[in-house]
Amino acid sequence: MYLSSASTEKPAPGTYPDDLLASFAPRLIAWQREHGRHDLPWQNTRDPYRIWLSEIMLQQTQVSTVIPYYARFLERFPTVEALAAAPIDDVMALWAGLGYYSRARNLYRCAQVVAQEHGGRFPSTVEGLADLPGIGRSTAAAIASFAFGARATILDGNVKRVLARVFGVEGFPGEKRVENAMWTLAESLVPGADASDADVSAYTQGLMDLGATLCTRGKPDCERCPFAGDCVAKTTGRQRQLPAARPKKAVPTRRTWMLVLLLDGDAVMLEKRPPMGIWGGLWSLPEAAGEAALADRALMFGASAKAAPLASLTHTFTHFKLDIEPRMIELERKGAALAANEAETVWVSLREIDAYGVPAPVRKLLDGLRGSLI
DNA sequence: AAATCGGGGCA
DNA sequence: TGCCCAGATTT
């Protein structure tokens with residue numbers, strides 16, 4: 001069974017044991033049928049719309065969280081045409097709570113492209129699917145294999161972990177060279193032309209289930225794993241070393257100046273941030289790239305007093321550290337302060353900050369300020 | 001606090 | 001074509 005491969009490219013001969021390469025798919029399929037998941041709401045269908053919807057939701061969220069959202073979406077939008085015809089506000093409302101809203105917008109755009117440019121039918125090839133908004137190579141392969149029986153491989157974070165461990169793939173999978181090698185390996189493992197559509201589905205689902213239920217990041221359950229006897233990580237005790245961690249990189253530090261306009265010792269001015277970029281759409285303190293620029297902004301708000309420094313704080317993002325230099329000006333009387341300003345601003349009592357979406361470090365700063373005023 | 005994640009967008 | 005990002009959760 002499955003001795004032939006769907007891919008044209010293969011790992012260099014001798015890189016991995018031939019018997020493991022050849023037996024991987026049938027063993028995974030057998031394991032999936034016996035121990036994998038079979039009753040998830042998006043299984044047991046070949047409707048590409050349902051499969052697509054589940055895959056997009058699962059890109060970013062755990063199964064248990066997705067289930068109720070998935071049910072509500074299907075009830076409100078039973079078909080891709082229904083989704084495409086809905087006002088985007090309805091879509092965003094149903095998505096609310098799942099986070100990653102740019103992906104909800106891509107979901108909607110994708111539905112419109114499918115409805116308007118593909119006659120309401122999803123493309124059946126990986127390439128066609130991957131051209132759609134929000135669908136990359138891995139998600140395209142998931143949809144193509146589940147809905148159309150395509151012999152295409154997924155390669156998400158779970159699969160990278162499984163391959164790195166079982167085959168002993170060295171190097172950080174986020175690195176292009178390593179990722180390419182994994183794609184080649186993954187494609188060479190896909191069941192061949194003699195596999196049925198059901199085999200293909202079980203294989204793809206098996207990759208997902210193995211990574212999600214046994215070959216987890218923290219404490220893999222190697223005793224139950226069908227590949228324990230061959231797994232490089234297991235046989236060498238390197239489960240924690242594979243896959244290799246992202247190389248440590250010194251994160252750059254950026255610095256920003258924030259203006260605390262304190263009115264009558266109670267309210268501060270917040271400014272709505274632009275929808276894109278850091279803290280998009282949240283309410284934050286007026287900001288500037290330097291001391292002088294901040295003073296200019298204060299003048300525009302009608303505050304001419306000298307700004308007093310507050311304790312600086314740093315906030316760590318994935319890609320950089322942000323050093324925040326707060327400067328405070330205390331004002332009395334409302335009215336005049338808002339005059340010359342066109343940005344979207346609001347005065348908020350320090351006691352009511354929690355009612356606004358405020359970035360965590362700014363909230364911390366304002367909480368500290370409130371504490372010091374009592 | 002640190003690590004993680006698939007796709008989009010830009011150099 | 002490849003690198004880095006935003007935004008959110010998990011460990």
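Listed nucleotides: B/dG8, C/dA8, B/dT4. Nearest to the side chain of A/Y101: C/dA8. Distances were taken from every side-chain heavy atom of A/N106 (C-beta onward) to each of C/dT11, B/dG8, C/dA8; the shortest belongs to B/dG8. If you check C/dA8, B/dG7, C/dC3 against the side chain of A/T139, the one that comes closest is B/dG7. Considering only side-chain atoms of A/K176, the nucleotide from C/dA8, B/dT4, C/dG2 that sits closest is C/dG2.
In this structure, A/G134 reaches the sugar-phosphate backbone alone: every heavy-atom distance under 4.0 Å involves primed, P, OP1 or OP2 atoms, never a base. As judged by a 4.0 angstrom heavy-atom cut-off over every strand, A/Q60 is placed among residues making no nucleic acid contact.
For the pair A/M57 CE and B/dG7 C1', the interatomic distance rounds to 17 Å; values are reported in whole Å. Taking atom CG of A/L313 as the reference point, atom P of B/dA1 lies 12 Å away to the nearest angstrom. Rounded to whole angstrom, the span from the CD atom of A/E55 across to the P atom of B/dC5 amounts to 16 Å. As a whole-Å value, the separation of A/R177 CZ from C/dT1 P is 20 Å. For the pair A/I56 CD1 and B/dG7 P, the interatomic distance rounds to 7 Å; values are reported in whole Å. Atom-to-atom, CG of A/L98 to P of C/dT9 comes out at 10 Å; the value is rounded to the nearest Å. In this entry the distance linking CZ of A/R137 with P of B/dG7 reads 11 Å, nearest Å. Per the geometry, CG belonging to A/L322 stands 15 Å off C1' belonging to C/dA6, to the nearest Å.
In A/R224, the CZ atom is not crowded: 12 or fewer heavy atoms of neighbouring residues, nucleotides or ligands sit closer than 6.0 Å.
In summary, A/D90 and A/R76 engage in a salt bridge, as defined by a charged side-chain N under 4.0 Å from a carboxylate O. Ion pairing between a basic and an acidic side chain is recognised when a charged N comes within 4.0 Å of a carboxylate O; A/R50 and A/E55 show no such pairing. Ion pairing between A/K234 and A/E223 holds under the 4.0 Å rule for side-chain N and carboxylate O.
For the atom pair CD1 (A/I154) and NZ (A/K160), the distance works out to 11.5 Å, reported to the nearest 0.5 Å.
Ring to ring, A/Y49 and A/F77 are not that close: their centroids are 6.0 angstrom or more apart.
Annotation: cation-pi geometry satisfied between A/R72 and A/Y69 (NZ/CZ under 6.0 angstrom from ring centroid, within 45° of ring axis).
For the pair A/G99 and A/R217, nearest-nucleotide mapping onto DNA chain C gives the more 5' position to A/G99. Each of A/G174 and A/Q62 was assigned the nucleotide of DNA chain C with the nearest heavy atom; the assignment lying further toward the 5' end belongs to A/G174. Nearer to the 5' terminus of DNA chain B, by closest-nucleotide assignment, is the contact made by A/A245 (compared with the other of A/A245 and A/L132).
Of the residues in residues 154-169 of chain A, A/D156, A/G157, A/R161 come within less than 4.0 Å of DNA chain B through at least one heavy atom, sorted by number.
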